[in-house]
Amino acid sequence: MEPIITRFPPSPSGYLHIGGARTALFNWLYAKKTKGKFILRIEDTDAARSTTESVQAILDSLEWLGIDWDEGPYFQSQRAPIHAEYIEKLVACGAAYYCSCTPDEVDAMREAAKACGKKPMYNGKCRDRHLEKGPDTVVRLRTPDTGVTVVEDIVKGNVAFQNAEMDDFILQRSDGSAMYNLAVVVDDLTMGINTIIRGDDHLINTPKQMLIYQALNAAVPVFGHVPMVLGSDKSRLSKRHGAMSVGEYQKMGFLPDAVINYLVRLGWSHGDQEFFTRQDLIEKFDLEHLGRSASMFDMDKLMALNARHIQSKSPEDLAAFLLPHLQDLQLTAEDNVFTHGVIQTLAPRSKTLVEMAQAARFYYQDTIEFDEKAAAKFLTPDTMGILQHSAKGIRALDTYTEASLEDIFKKIMDDSKLGFGKIAQPIRVAITGTTVSPGIFEMLLVLGKEKTVCRIDAAVKWIQEQA
RNA sequence: GGUCCCAUCGUCUAGCGGUCAGGACGCUGGCCUCUCACGCCGGAAACCCGGGUUCGAUUCCCGGUGGGAUCACCA
């Protein structure tokens with residue numbers, strides 16, 4: 001059994017698109033799963049649109065997602081000599097020929113064909129003229145006029161195309177550069193790629209590529225065309241549907257594992273399982289369970305999955321991902337015990353790392369600003385006594401533990417005949433400035449005795465100043 | 001328009017001739033509870049339509065409808 005060799009060939013005309021990330025993922029997973037090889041190839045033949053910044057952005061995104069490659073990145077633009085060599089071979093064996101028709105002439109042919117109610121195609125004028133290479137000649141493939149080319153697609157099944165529908169398409173431009181279909185085939189062939197998973201927008205040029213393989217007397221790879229990811233209105237994903245680039249998801253506070261999990265589930269399934277670790281995916285991914293219909297991107301579901309991945313990770317692992325988001329909020333935090341504690345209290349209640357960073361704010365601030373409504377309700381002369389008592393009790397503690405804190409609260413409850421909530425809320429506001437936070441005890445424990453007392457004192461002082 | 005692909009709750013999907021059509025997100029009723037979450041228990045919610053094939057179709061075939069892709073000296 002030959003090893004599976006897959007590839008991902010982005011064209012660097014922008015960031016890494018979320019849909020592109022998904023096809024990269026499918027190829028990567030399949031290679032991993034089968035212990036094959038995954039090759040990265042940058043298709044930068046379109047010099048006008050390709051930039052080195054885009055190349056870097058794509059590489060960065062792949063790295064962030066944790067998609068690594070066994071070979072490459074290769075650059076298609078550097079392979080022009082190889083493309084030319086294969087084109088010559090094709091001409092030499094008669095499978096392709098030079099054509100001197102100008103673009104205008106070809107346009108006219110198309111118009112003429114359309115006028116007769118036929119499909120606009122090049123009419124094969126130079127097919128048998130046996131032209132030599134000239135300054136303005138292109139190379140065209142001699143495509144069969146009859147018969148069918150059948151794509152044996154692993155997700156779509158057999159798809160038949162009438163050869164008569166295909167005209168003699170261009171392999172090499174008049175400037176000597178290779179056209180897409182020729183370049184991909186030659187690259188895939190020379191790189192030994194035998195499995196191609198790509199978006200089904202490519203299904204239509206697959207027969208053309210097969211014809212090139214056949215003309216080259218080469219084995220056709222296995223094709224799998226996965227449906228595209230659509231926006232919320234079922235149209236092709238675009239800016240107005242929200243974030244499209246992988247980098248944006250990083251900024252929004254998603255974990256790469258969650259993005260991967262979500263993307264793979266969009267078009268692939270493993271029974272009822274929704275949550276997958278990276279390792280699960282590598283073990284369980286297969287081509288048999290790829291879906292055939294297009295799917296819509298659902299941010300809510302990504303969020304939910306992200307929350308689950310946050311919950312499943314250790315504070316240590318999470319810290320590395322959270323730190324940059326804390327920095328975005330001008331919060332200075334280190335990957336230390338305190339931050340791990342912070343994360344522990346916040347992880348079960350955060351859907352994204354951005355949310356977590358915002359919720360973590362109070363832990364790192366020296367002075368707490370009280371939310372107006374929260375203060376009006378819970379920092380009042382009525383609650384001042386509770387705050388004073390708890391500050392006094394906590395200050396006197398030798399051992400600062402959940403149990404000892406609980407004792408203090410119990411005592412205040414007994415003395416004041418108030419329920420736990422009546423005591424917890426004022427303290428919560430004193431500590432965080434708001435009415436929403438992690439549990440009182442876990443929070444106070446993480447914060448530490450000093451800061452806890454200090455903040456309660458500050459709240460008391462604030463109440464006195466209001467009066 | 002030609003060619004090609006697709007069609008199960010609002011969304012992602014399981015299903016591979018006989019199921020009370022299952023799960024997840026979202027929505028929603030309740031429980032838990034120091035707030036918010038988490039968690040737990042329950043609910044509403046789908047087989048696009050019409051023909052066949054079959055004892056029996058969500059499932060197989062054909063047609064329709066709808067959606068998508070693609071028709072370059074772009075990739």
Side-chain angles (χ1 to χ4, degrees), chain A residues 9-13 43-46 48-50 76 99 101-103 106-107 110 114 117-121 136-140 151 153 155-157 159-162 165-167 169-181 183-184 199-207 225 227-228 230 232-236 262 265-275 289 291-305 307-308 311 345-351 355 359 374 378 409 419-429 432 434-441 443:
Chain A
S11 85
S13 53
E43 308 218 320
D44 57 347
T45 339
D46 185 0
R49 287 192 295 173
S50 301
Q76 193 162 64
C99 165
C101 298
T102 65
V106 177
D107 279 347
R110 294 206 175 98
K114 236 194 285 187
K118 287 200 267 187
K119 190 179 173 174
M121 301 201 305
D136 287 317
T137 55
V138 298
V139 174
R140 288 180 184 274
V151 179
D153 194 279
V155 354
K156 306 274 188 190
V159 184
F161 293 87
Q162 294 297 322
E165 292 284 329
M166 267 180 282
D167 66 356
F169 58 95
I170 295 177
L171 263 21
Q172 184 179 50
R173 301 186 186 88
S174 50
D175 68 1
S177 63
M179 284 285 284
Y180 171 71
N181 282 125
V184 219
D200 67 6
D201 48 334
H202 282 282
L203 185 55
I204 290 205
N205 46 45
T206 303
H225 289 91
M228 318 200 57
L230 272 23
S232 43
D233 58 354
K234 294 212 174 199
S235 70
R236 198 169 184 155
Y262 178 70
R265 269 293 283 118
L266 208 55
W268 176 80
S269 61
H270 184 76
D272 282 342
Q273 190 173 348
E274 296 285 350
F275 182 90
H289 296 270
R292 277 151 301 160
S293 52
S295 46
M296 284 167 36
F297 194 91
D298 181 3
M299 190 67 92
D300 283 337
K301 189 144 184 180
L302 208 208
M303 287 265 194
L305 221 34
R308 288 183 65 179
Q311 287 183 54
T345 66
L346 262 20
R349 59 200 91 225
S350 306
K351 283 203 191 315
E355 259 183 42
F378 295 108
F409 274 64
F420 190 90
K422 295 285 180 197
I423 298 171
Q425 277 310 78
I427 293 190
R428 171 169 282 116
V429 177
T432 70
T434 73
T435 53
V436 177
S437 87
I440 283 288
F441 297 124
M443 179 170 70

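This is a predicted model, so every value here is computed, not measured. Naming convention: chains lettered A, B, ... in sequence-line order (proteins, then strands); numbering from 1 in each chain.
Here, B/C41 and B/C32 have their P atoms 15 Å apart, quoted to the whole Å. One C1' atom belongs to B/G2, the other to B/C48, and the distance between them is 25 Å to the nearest Å. B/C25 sits 16 Å from B/A37 when the P atoms are compared, rounded to a whole Å. For the P atoms, the distance from B/G22 to B/C31 is 27 Å, rounded to whole Å. B/G51 and B/U65 have their C1' atoms separated by 14 Å, given to the nearest Å. Comparing B/U19 with B/G26, their P atoms sit 32 Å apart, to the nearest whole Å. Atom C1' of B/C71 sits at a distance of 27 Å from the matching atom of B/C62, rounded to the whole Å. B/C12 and B/C55 have their C1' atoms separated by 36 Å, with the value rounded to a whole Å.
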Give me the distances for all protein-to-nucleotides 7-13 of chain B N/O pairs that come in under 3.5 Å?
from: B/C12; atom 1: OP1; to: A/M296; atom 2: N; distance (Å): 3.0
from: B/C12; atom 1: O2'; to: A/R265; atom 2: O; distance (Å): 3.4
from: B/C12; atom 1: O2; to: A/K301; atom 2: NZ; distance (Å): 3.1
from: B/U13; atom 1: OP1; to: A/G267; atom 2: N; distance (Å): 3.0

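Judged by Watson-Crick or G-U wobble contacts below 3.5 Å, the nucleotide B/U58 has no partner. Base pairing analysis places B/A7 opposite B/U65; the two distances defining the Watson-Crick or G-U wobble pair are each below 3.5 Å. Taking a pair to require two hydrogen-bonding distances under 3.5 Å in either a Watson-Crick or a G-U wobble arrangement, B/C20 remains unpaired. Across the strands present, B/C32 finds no partner; the criterion is a Watson-Crick or G-U wobble pair with both atom distances under 3.5 angstrom.
Within 4.0 Å (heavy atoms only), A/L203 reaches sugar-phosphate atoms of the nucleic acid but no base atom. Within the 4.0 angstrom heavy-atom criterion, base atoms lie near A/V138. Within 4.0 Å (heavy atoms only), A/R110 reaches sugar-phosphate atoms of the nucleic acid but no base atom. When heavy atoms are screened at a 4.0 angstrom cut-off, A/G439 is found touching base atoms of the nucleic acid. Base contact: A/N205 has a heavy atom under 4.0 Å from a base atom. Note on A/P438: a base of the nucleic acid sits closer than 4.0 angstrom, heavy atoms only. Residue A/Q273 is classed as having no contact, given no heavy-atom separation below 4.0 Å to the nucleic acid. Across all strands shown, A/P227 has no heavy atoms under 4.0 Å from either base or sugar-phosphate atoms. Heavy atoms of A/Q162 sit nowhere under 4.0 angstrom from any nucleic acid atom. Across all strands shown, A/S11 has heavy atoms under 4.0 Å from sugar-phosphate atoms exclusively, and none from any base. If you check every strand for non-hydrogen atoms under 4.0 Å, A/C101 touches a base.
Heavy atoms from other residues, nucleotides or ligands lying under 6.0 Å from CZ of A/R110 number more than 12.
Regarding A/M166, its CE atom lies at a distance of 13 Å from the C1' atom of B/C71, rounded to whole Å. Atom CZ in A/F161 sits about 12 Å away from atom C1' in B/C71, given to the nearest Å. Computed from coordinates, the A/Q425 CD to B/U33 P distance equals 16 Å when rounded to whole Å. For the pair A/M299 CE and B/A24 P, the computed distance is 23 Å after rounding to whole Å. For A/F169 and B/A72, the CZ to P distance is 13 Å, given to the nearest whole Å. Rounded to whole Å, atom P of B/C36 lies 15 Å from atom NZ of A/K351. Protein atom CG of A/L171 is 16 Å distant from nucleotide atom P of B/A72, rounded to whole Å. The distance from atom CG of A/D200 to atom P of B/C6 is 9 Å, rounded to the nearest whole Å.
For A/Y180, whose side chain is taken as the heavy atoms from C-beta onward, the closest listed nucleotide among B/G2, B/A75, B/C73 is B/A75. With B/C25, B/C36, B/A75 as the candidates, the nucleotide lying closest to the side chain of A/D300 is B/C25. Closest contact between the side chain of A/K156 and the listed nucleotides B/C34, B/C4, B/C6 involves B/C6.
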> Does the pair A/V155 and A/H225 meet the rule for a side-chain contact (heavy atoms from CB on, under 4.5 Å), with working shown?
Replying inline: CA-CA 6 Å; A/V155 354; A/H225 289 91; 5.6 Å; no
> Could you walk me through whether A/H270 and A/H289 pass the side-chain contact (heavy atoms from CB on, under 4.5 Å) check?
Replying inline: CA-CA 7 Å; A/H270 184 76; A/H289 296 270; 5.9 Å; no
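Contact of A/R349 with B/C38 (side chain to base): no donor-acceptor pair of N or O atoms is detected under 3.5 Å.
Here the closest non-hydrogen pair linking A/E43 and A/P12 is O-CD, 3.3 Å.
Checking A/M228 against A/M179, the closest nucleotide of RNA chain B that is more toward the 5' end is the one next to A/M228. Taking for each of A/E165 and A/D107 the nucleotide of RNA chain B with the nearest heavy atom, the 5'-most of the two is the partner of A/E165.
Two residues are said to be in side-chain contact when any heavy atoms from C-beta on lie closer than 4.5 Å; A/T432 and A/M443 meet this criterion. Using a 4.5 Å heavy-atom threshold, the side chains of A/L171 and A/N181 count as separate.
Using modelled atom types, one side-chain atom of A/K119 and one backbone atom of A/E165 make a donor-acceptor pair closer than 3.5 Å. Side-chain atoms of A/R428 come within 3.5 Å of backbone N or O of A/P438 as a donor-acceptor pair. Listed for the A/Y262 side chain is a donor-acceptor partner under 3.5 Å among the backbone atoms of A/D298.
Side chains of A/Q311 and A/R308: a donor-acceptor N/O pair is absent below 3.5 angstrom, by distance only.
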